[in-house]
Amino acid sequence: MQILSRRPIVAGNWKMNGNKSLVSLLEDKLAHEDLSHLDVVICPPFPYLGLFGDTVSLGAQNMSMHDSGAHTGEVSASMLQETGCSYVILGHSERRADHAETNEIVALKVEKALAAGLTPILCVGETEEIRDGGNLFAFLAEQIDAVEQQIGILQFAHIVLAYEPIWAIGTGKTASPEQAQEVHQFLREHLAKKNSDIATKINILYGGSVKGSNAKELFSQQDVDGGLIGGASLNPEDFLSICLAAKQ
Ligand code: 13P
């Protein structure tokens, strides 16, 4: 399970993309580089999880809020753990929007993931309307607080946060480094009201149109500890350059 260290993390979220040959292409690309300064995580669709060797850490893109039972099509936290996952993305905006995952459901999933020894990558982020309406920080605080109320602040020692503004996902419209820093700092300060040690040490990743060309500037911000990468994680060359841009 994740131990707080602020060691950079670059996680590739393939979403419902990729194929078997991308697994080997990506592994070949990463195998020859010294990436020991960061944790490289790949979150492919479920069927490809078992195909990866130990070049990268593995994460799932979702999991069930139930332990087992009559839930056709669902995958449990312990199954992911047995399959070699160390991480699981939870609360991604696409799950919240397409599968009606509320803050409460996300909080229950985070609790289940932790119980199975997985590190949740807890995603938060606002729409353009929320930002433009001046409700950005209240909205993000609500997303975080729902989880905090379920698991308690101390469990945040085993969580990675990801700030993914919805308006920047898959749009090519990246948050500026200053916009990312402002929110990451807010998230840290918000957690610090409950526990300053955890707030100082928690990893906060930025996600939303990160590319090889903008990663270095984003990752150089004080409170940005790496990235959650969608589209660019499907291109081994681009993904490698993002990994290399992570802070030493
Ligand atoms: P893009 O990098 O394609 O904008 O996606 C970001 C994302 O949603 C990662 O989880």
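In this text, all values refer to a predicted model and were calculated from it rather than measured experimentally. Both counts, for ligands and for their atoms, begin at 1 and track the order of listing.
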* Linking I/L/V/M/F/W/Y whenever any side-chain heavy atoms sit under 4.5 Å apart, do Ile42 and Phe46 land together? -> yes

* Give a yes/no verdict on whether any heavy atom in Ala168 is under 4.0 Å from an atom of ligand 1. => yes

* Which value, rounded to the nearest 0.5 Å, describes the distance between Phe219 atom CZ and Asp225 atom CG? -> 10.0 Å

* Numbering the atoms of ligand 1 from 1, which are under 4.0 Å from a heavy atom of Asn13? -> 9 (C), 10 (O)

* Dump the intermediate steps for side chain to side chain contact (heavy atoms under 4.5 Å, CB included) on Leu35 and Leu240, then the final yes or no. => CA-CA 9 Å; Leu35 298 171; Leu240 174 61; 4.3 Å; yes

* Asked: Are any of the side-chain nitrogens in Lys109 or Glu104 under 4.0 Å away from the carboxylate oxygens of its partner?
  -> no

* Asked: Which ligand 1 atoms does Gly170 reach within 4.0 Å, using its non-hydrogen atoms?
  -> 1 (P), 3 (O), 4 (O)

* To do: With heavy atoms only and a cut-off of under 4.0 Å, state how Leu228 meets ligand 1: side chain, backbone, both or neither.
  => both

* Would you call Ser209 a ligand 1 contact, heavy-atom distance under 4.0 Å? -> yes

* **Single-linkage hydrophobic cluster, 4.5 Å side-chain cutoff, Ile144 and Ile198 together** => yes

* Ion pair present between Arg96 and Glu101, side-chain N to carboxylate O less than 4.0 angstrom? -> no

* Asked: Applying a strict 4.0 Å limit to heavy atoms, is Lys15 in contact with ligand 1?
  -> yes

* **Protein heavy atom at shortest distance from atom 9 (C) of ligand 1** => Glu164 OE2, 2.9 Å

* Asp238 bridged to Lys211 by N-O distance under 4.0 Å -> no

* **Option from Val147, Asn195, Leu114 for which side-chain contact (heavy atoms from CB on, under 4.5 Å) with Phe156 holds** => Val147

* Give the residue and atom name of whichever protein heavy atom lies nearest to atom 3 (O) of ligand 1, and the separation in Å to one decimal. => Gly231 N, 2.8 Å

* Min N/O separation Glu94 to ligand 1 under 3.5 Å -> no

* To do: For ligand 1, find out whether one of its N or O atoms is nearer than 3.5 Å to an N or O atom of His92.
  => yes

* For atom 2 (O) of ligand 1, what's the nearest protein heavy atom and its distance? -> Gly230 N, 2.9 Å

